Amino acid sequence: MRAAAIPESASALQPAGTGEVRIRVVLAAVHPAGAAAGVVDALGEGVRGLEPGDRVWMWGEAEGIVGEYPVLPRSRVVRMRDGVPFEVGAVLAVPALTAYRRLTTAAGVPDRLAPGVLKGRTVLIADGAGPAGIAAIQLAEWAGATVLTTTGAQEEDAADPAPGPDAVAAVAEAVDAGALRVGEDAGLPIRRFPPERIAEAREAAGDHAAGAVVIEVTKP
């Protein structure tokens with residue numbers, strides 16, 4: 001992820017094309033999931049279910065979310081309710097999409113996660129540290145599972161390039177319900193860096209024991 005200079009005027013911004021959404025990024029996570037959270041800035045023709053000013057979480061290509069005002073396909077932008085911290089959207093929502101896929105591929109497991117559907121089941125999550133591990137634990141608990149976890153350094157997963165609509169809808173529901181949490185109490189402290197310290201942020205992101213790392217791209 002890299003941050004660009006703030007444009008001098010609205011005319012410098014890339015317009016949102018048909019089916020696209022322009023976002024003002026507030027926080028961008030520094031991990032392979034290429035995730036960020038921010039506010040809808042402009043809508044292209046044909047976009048439904050979003051309005052300018054909506055709080056959203058999103059994911060980009062392999063290189064992550066680039067710049068303060070990226071333009072993304074509608075399918076990669078998910079609304080979150082007012083009051084959900086931007087940190088949750090930037091740090092946990094996209095890793096939760098990958099966790100969702102893993103939690104629904106075991107034999108006999110429901111193919112759509114929802115509150116209570118894993119009640120009575122025990123889920124083992126290896127290396128339950130860092131954003132990916134924390135997201136998997138919290139998503140499984142939201143679905144009602146008893147969670148066992150191992151400790152150790154974790155290799156962060158890249159974002160699922162094409163999560164299905166059930167995965168996006170379920171994770172969005174979990175985010176809005178407050179099931180995904182960050183901070184010291186959740187075992188995932190947040191370290192913040194300004195854009196000009198991105199090299200330092202990337203180095204810090206390699207230390208999973210330090211929690212999650214975000215770039216403060218623009219003001220909330």
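Since the structure is predicted, the reported quantities are computational estimates derived from the model, not experimental observations. Numbers for residues simply follow the sequence, beginning at 1.
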**Student:** Is a donor on one side and an acceptor on the other found under 3.5 Å between the side chain of Arg74 and the backbone of Val77?
**Tutor:**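 Between the backbone of Val77 and the side chain of Arg74 there is a qualifying donor-acceptor contact (under 3.5 Å).
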
**Student:** Within this structure, what is the CD-CD1 distance for the pair Glu200 and Ile198, rounded to the nearest 0.5 Å?
**Tutor:**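 Reported value, rounded in 0.5 Å steps: 11.5 Å.
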
**Student:** For the backbone of Pro110 and the side chain of Arg112, can you confirm whether one donor and one acceptor N or O come within less than 3.5 Å of each other?
**Tutor:**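 No, the answer is negative, given that no donor and acceptor are paired below the 3.5 Å cut-off.
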
**Student:** Taking it one step at a time, do Glu20 and Val47 satisfy side chain to side chain contact (heavy atoms under 4.5 Å, CB included)?
**Tutor:** CA-CA 7 Å; Glu20 294 181 329; Val47 171; 5.7 Å; no

**Student:** Rounded at 0.5 Å granularity, tell me how far CZ in Phe86 sits from CZ in Arg55.
**Tutor:**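 These two atoms lie 3.5 Å from each other.
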
**Student:** Check whether Thr18 reaches the backbone of Glu45 with its side chain - one donor and one acceptor, N or O, closer than 3.5 Å.
**Tutor:**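 Not a single qualifying donor-acceptor pair exists.
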
**Student:** Does the Tyr100 side chain pair with the main chain of Leu113, one donor and one acceptor, at a distance under 3.5 Å?
**Tutor:**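 Answer holds: yes.
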
**Student:** Between Ala132 and Pro95, which heavy-atom pair has the shortest distance, and what is it?
**Tutor:**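 Heavy atoms only, the tightest pair is CA-CB, 4.0 Å.
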
**Student:** With side chains defined as the heavy atoms from C-beta onward, is the minimum distance between Leu180 and Trp142 less than 4.5 Å?
**Tutor:**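 No - every pair of side-chain heavy atoms lies 4.5 Å or more apart.
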
**Student:** Distance check, rounded to the nearest 0.5 Å: Leu124 atom CG versus Thr122 atom OG1?
**Tutor:**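 If we round to the nearest 0.5 Å, Leu124:CG and Thr122:OG1 are 9.5 Å apart.
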
**Student:** Stepwise, does the side chain to side chain contact (heavy atoms under 4.5 Å, CB included) test hold for Leu72 with Val21?
**Tutor:** CA-CA 5 Å; Leu72 297 171; Val21 184; 5.7 Å; no

**Student:** So which pairs with a foot in residues 77-91 pass salt bridge (charged side-chain N to carboxylate O under 4.0 Å, His left out), sequence neighbours left out?
**Tutor:**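 Checked against salt bridge (charged side-chain N to carboxylate O under 4.0 Å, His left out) - neighbours excluded - the pairs reaching residues 77-91 are Asp54-Arg79, Glu87-Arg192.
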
**Student:** Hey, are the side chains of Val182 and Leu92 touching, using non-hydrogen atoms and a 4.5 Å cut-off?
**Tutor:**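 Yes, side chains in contact.
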
**Student:** Taking the side chain as C-beta and beyond, is there a heavy-atom pair between Leu27 and Glu216 under 4.5 Å?
**Tutor:**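 Yes, close enough: below the 4.5 Å cut-off.
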
**Student:** Do Asp41 and Ile23 make a side-chain contact, defined as non-hydrogen atoms from C-beta onward lying under 4.5 Å apart?
**Tutor:**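 The answer is no; the side chains never approach within 4.5 Å.
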
**Student:** May I ask you to test the Val84-Trp57 pair for a side-chain heavy-atom distance under 4.5 Å?
**Tutor:**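 Answer no - side chains too far apart.
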
**Student:** Can you name the nearest heavy-atom pair linking Ala93 to Gly89, along with the distance?
**Tutor:**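 Shortest heavy-atom separation between Ala93 and Gly89 comes out as CB-O, 3.6 Å.
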
**Student:** Arg121 and Val109: which non-hydrogen atoms are nearest, and at how many Å?
**Tutor:**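 Closest approach of Arg121 to Val109: NH1-CG2, 4.2 Å.
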
**Student:** Is the closest side-chain heavy-atom distance between Val26 and Arg24 below 4.5 Å?
**Tutor:**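 Sidechains of Arg24 and Val26: in contact.
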
**Student:** Before giving the answer on side chain to side chain contact (heavy atoms under 4.5 Å, CB included), spell out for Val214 and Phe193 the whole-Å C-alpha distance, their side-chain angles and the decisive distance to 0.1 Å.
**Tutor:** CA-CA 6 Å; Val214 297; Phe193 292 83; over 6 Å; no

**Student:** Which atom pair, heavy atoms only, marks the closest approach of Pro131 to Ala212?
**Tutor:**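 Closest pair (atom of Pro131, atom of Ala212, distance): CG-CB, 4.1 Å.
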
**Student:** Which atom pair, heavy atoms only, marks the closest approach of Ile125 to Gly133?
**Tutor:**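 Nearest pair, atom of Ile125 first, then Gly133: CG2-O, 4.4 Å.
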
**Student:** Hey, does Leu13 have a side-chain heavy atom less than 4.5 Å from the side chain of Val71?
**Tutor:**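 With C-beta onward as the side chain, the pair stays apart.
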
**Student:** Please check: side-chain N/O of Glu173 versus main-chain N/O of Ala170, any donor-acceptor pairing under 3.5 Å?
**Tutor:**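 Pair absent, no side-chain N/O of Glu173 close to backbone of Ala170.
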
**Student:** Tell me the closest heavy-atom pair linking Asp111 and Asp166, and the distance in Å.
**Tutor:**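 Closest heavy-atom pair between Asp111 and Asp166: O-OD2, 4.5 Å.
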
**Student:** Could you walk me through whether Trp59 and Leu97 pass the side chain to side chain contact (heavy atoms under 4.5 Å, CB included) test, one step at a time?
**Tutor:** CA-CA 11 Å; Trp59 65 99; Leu97 291 174; 4.0 Å; yes

**Student:** As an exercise, state the distance from CE of Met58 to CE of Met80, rounded to the nearest 0.5 Å.
**Tutor:**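 Taking CE in Met58 and CE in Met80, the distance rounds to 8.0 Å.
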
**Student:** Return yes if some donor-acceptor pair links the side-chain N/O of Thr149 with the main-chain N/O of Ala126 below 3.5 Å, else return no.
**Tutor:**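 Checked: no pair found.
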
**Student:** Is any side-chain heavy atom of Val30 closer than 4.5 Å to a side-chain heavy atom of Ile215?
**Tutor:**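 Result yes, sub-4.5 Å side-chain heavy-atom pair found.
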
**Student:** Under 3.5 Å, side chain of Arg22 to main-chain N/O of Ala42, donor-acceptor pair present?
**Tutor:**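 Not at all, since once roles are kept as given, no pair shorter than 3.5 Å links the two residues.
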
